[in-house]
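See below for the structure under consideration.
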Amino acid sequence: VRLVESGGGLVQAGGSLRLSCATSGLSFNSFVMGWFRHAPGKEREFVSGISRRGDDTSYADSVKGRFTISRDNTKKTVYLQMNSLKLEDTAVYYCAADFRNTILQLVENYDYWGQGTQVTVSS
């Protein structure tokens, strides 16, 4: 099983980035997909999740209205569109896959993880 994130980088505050997570080796449409982030000195935290069919989503309060999660089951890829980025969004962003049929927000619920992609927001 492989999850590979891409799309991170350096962006000014107020800007946008779109993260992608391409998967292989798993039955993609059988997994809830999530995005987490890990900032220095902080715990890894839930950012967003999307149901198997993409008809249900969940967001952390800190990103609601700014980030949008989506998935393409034919491409086995999940996306995170990040708009109006803030300095506090700086972190390594990870995608993760959970075989349960519910969007959960705990790190330990997810079965597979990518290696992460760095997002840095500058002033």
Side-chain angles (χ1 to χ4, degrees):
V1 174
R2 291 191 70 203
L3 285 69
V4 181
E5 301 94 336
S6 61
L10 175 64
V11 63
Q12 285 193 321
S16 298
L17 283 174
R18 188 193 193 205
L19 305 184
S20 299
C21 173
T23 71
S24 60
L26 77 168
S27 182
F28 184 73
N29 56 8
S30 296
F31 285 80
V32 163
M33 298 300 297
W35 285 97
F36 288 76
R37 65 187 181 186
H38 192 185
K42 295 186 177 181
E43 302 271 332
R44 188 174 299 195
E45 65 175 357
F46 174 82
V47 174
S48 183
I50 188 166
S51 62
R52 294 171 174 177
R53 293 187 299 178
D55 54 354
D56 188 25
T57 58
S58 177
Y59 296 92
D61 288 343
S62 59
V63 306
K64 276 181 185 176
R66 300 188 297 122
F67 290 10
T68 303
I69 191 170
S70 61
R71 67 190 292 162
D72 185 334
N73 284 356
T74 62
K75 295 182 178 179
K76 299 186 176 183
T77 300
V78 61
Y79 306 95
L80 186 68
Q81 177 66 43
M82 306 187 296
N83 298 329
S84 303
L85 282 161
K86 303 177 180 180
L87 296 178
E88 53 263 41
D89 294 320
T90 295
V92 177
Y93 283 71
Y94 299 87
C95 70
D98 179 8
F99 192 63
R100 296 170 185 80
N101 196 22
T102 303
I103 301 172
L104 299 173
Q105 300 190 5
L106 297 179
V107 169
E108 53 264 37
N109 290 130
Y110 286 75
D111 305 293
Y112 301 106
W113 291 83
Q115 83 290 345
T117 186
Q118 176 70 48
V119 171
T120 303
V121 184
S122 66
S123 58

Enter the distance from M82:CE to T68:OG1 here, rounded to the nearest 0.5 Å. 11.0 Å
When you compare the side chain of V107 with that of R44, does any pair of heavy atoms fall below 4.5 Å? yes
To the nearest 0.5 Å, tell me how far L80 CG sits from S70 OG. 8.5 Å
Rounded distance [0.5 Å steps], OG1 in T117 versus CZ in R37: 14.0 Å
Are F28 and V1 linked, directly or through other ILVMFWY residues, by side chains that come within less than 4.5 angstrom of each other? yes
Which distance, rounded to the nearest 0.5 Å, do you find between the CD of Q12 and the OG of S122? 5.0 Å
Does atom CZ of R2 have more than 12 heavy-atom neighbours from other groups under 6.0 Å away? no
I'd like to check M33 versus Y112 (side-chain heavy atoms, cut-off strictly below 4.5 Å). Are they in contact? no
So which pairs with a foot in residues 62-74 pass salt bridge (Lys or Arg N to Asp or Glu O under 4.0 Å), sequence neighbours left out? D61-K64, R66-D89
Mind checking the CD-OG spacing from Q81 to S48? Nearest 0.5 Å is all I need. 12.0 Å
Report yes if some heavy atom in the side chain of L19 is under 4.5 Å from a heavy atom in the side chain of C21; otherwise report no. no
Can you tell me if T90 uses its side chain to pair, donor with acceptor, with the backbone of V121 under 3.5 Å? yes
Which pairs pass ring-ring contact (aromatic ring centres under 6.0 Å, His included) with one or both residues in residues 60-100, sequence neighbours excluded? F31-F99
Nearest heavy-atom contact between S16 and S84 is OG-N, 4.3 Å
N101 side-chain N/O to V32 backbone N/O, donor-acceptor pair under 3.5 Å: no
About how many Å separate CG of N83 and CZ of R18, when rounded to the nearest 0.5 Å? 11.0 Å
So that I know where these two stand, are F46 and W35 an aromatic pair - ring centroids less than 6.0 Å apart? no
Would you sort out whether T120 and Q118 count as a side chain to side chain donor-acceptor pair (under 3.5 Å), showing the intermediate values? CA-CA 6 Å; T120 303; Q118 176 70 48; 3.3 Å; yes
